[in-house]
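The structure appears below as structure tokens.
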Amino acid sequence: MSKPDELLVDVAALVESGHSNQMTLTVVAGGAVITGRLAPEAVWRQRVSEVLADSASLNKFSAVFTATTCEEKAPTHLHFHVSRILQGTVGIPETGGMYRVAIDDVSAWTVGDFSYSDQ
């Protein structure tokens, strides 16, 4: 088990405490580059729950994401929204996705997100 980057944990804790969704971050995890905005876990869970609730075939999974989380311990995951996995010059999905990344799995990171266009 690797030791999480303390600075990255501090960034995640500030996002959690401030309930802000304006912090942009780019990480490398498992060889994938993920770029976008961080959200507090509760906000992220609520949004995923809403998306699932709107699906006729997946709505039964919605309640899993509304379970209460313990907010007093140090964050173990980053919760991305409006984010993309970068593949060459393309971001997947084009509209931005919702990703949960274990801080232990992050091998590199930088503040800010990568912009790209098809121009």
Side-chain angles (χ1 to χ4, degrees):
M1 182 167 132
S2 66
K3 184 176 183 211
D5 182 321
E6 291 178 23
L7 186 54
L8 188 54
V9 171
D10 289 347
V11 168
L14 279 173
V15 169
E16 289 295 326
S17 68
H19 297 283
S20 170
N21 64 357
Q22 299 304 306
M23 181 61 176
T24 56
L25 202 68
T26 300
V27 301
V28 177
V33 178
I34 302 170
T35 189
R37 283 191 287 167
L38 294 178
E41 182 175 359
V43 171
W44 184 88
R45 284 175 170 261
Q46 181 61 39
R47 181 65 186 126
V48 171
S49 176
E50 291 168 0
V51 170
L52 292 172
D54 289 343
S55 170
S57 60
L58 299 174
N59 61 4
K60 61 186 165 201
F61 293 98
S62 176
V64 171
F65 290 89
T66 58
T68 306
T69 61
C70 177
E71 296 180 21
E72 293 188 23
K73 63 181 181 176
T76 58
H77 290 78
L78 301 170
H79 295 87
F80 284 91
H81 71 118
V82 192
S83 59
R84 294 172 178 88
I85 297 174
L86 299 183
Q87 179 72 32
T89 60
V90 177
I92 305 168
E94 290 181 14
T95 57
M98 312 252 323
Y99 301 104
R100 176 178 160 110
V101 177
I103 293 173
D104 282 351
D105 291 341
V106 174
S107 59
W109 62 277
T110 188
V111 172
D113 61 345
F114 287 104
S115 299
Y116 36 83
S117 69
D118 47 30
Q119 296 178 349

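Heavy-atom basis, side chains included; hydrogens, waters and symmetry copies ignored. All values reported here derive from a predicted model rather than from experimental measurement.
- Residues Val28 and Leu86 share a single hydrophobic cluster, defined by chaining ILVMFWY side chains whose heavy atoms lie under 4.5 Å apart.
- Side-chain contact between His81 and Arg47 is absent, with no heavy-atom pair separated by less than 4.5 Å.
- Using modelled atom types, one side-chain atom of Glu16 and one backbone atom of Glu41 make a donor-acceptor pair closer than 3.5 Å.
- No continuous path of ILVMFWY side-chain contacts below 4.5 Å connects Val48 to Val43, so the two sit in separate hydrophobic clusters.
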Legend entry - Verdict with reasoning, Leu8 to Val106, per side-chain contact (heavy atoms from CB on, under 4.5 Å): CA-CA 9 Å; Leu8 188 54; Val106 174; 3.8 Å; yes
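- Cluster annotation: Met98 and Phe80 are assigned to distinct hydrophobic clusters (Ile/Leu/Val/Met/Phe/Trp/Tyr, side-chain heavy-atom contacts under 4.5 Å, transitive).
- The minimum heavy-atom distance linking Thr66 with Ser49 is given by the pair CG2-OG, 3.2 Å.
- Residue Gln46 holds its CD atom at 8.0 Å from OG of Ser62, rounded to the nearest 0.5 Å.
- A distance of 9.5 Å separates CG in Asp113 from CG in Leu25, rounded to the nearest 0.5 Å.
- In terms of modelled atom types and a separation under 3.5 Å, the side chain of Ser83 and the main chain of Gly97 share a donor-acceptor contact.
- The shortest non-hydrogen separation linking Val101 to Ala29 is CG1-CB, 3.8 Å.
- Using a 4.5 Å cut-off on side-chain heavy atoms (C-beta onward), Val33 and Thr26 make contact.
- Under the 4.5 Å side-chain contact rule for hydrophobic residues, Val82 and Val51 do not share a cluster.
- Paired with Leu78 under the rule side chain to side chain contact (heavy atoms under 4.5 Å, CB included), one option of Val15, Leu38, Ile34 passes, and it is Leu38.
- Separation of atoms CD1 (Ile103) and CG (Asp5) is listed at 9.0 Å; rounding is to 0.5 Å.
- Residues Ile85 and Tyr99 meet the side-chain proximity criterion, which asks for heavy atoms closer than 4.5 Å.
- Of all heavy-atom pairs spanning Val64 and Arg45, the tightest one is O-NH1, 3.7 Å.
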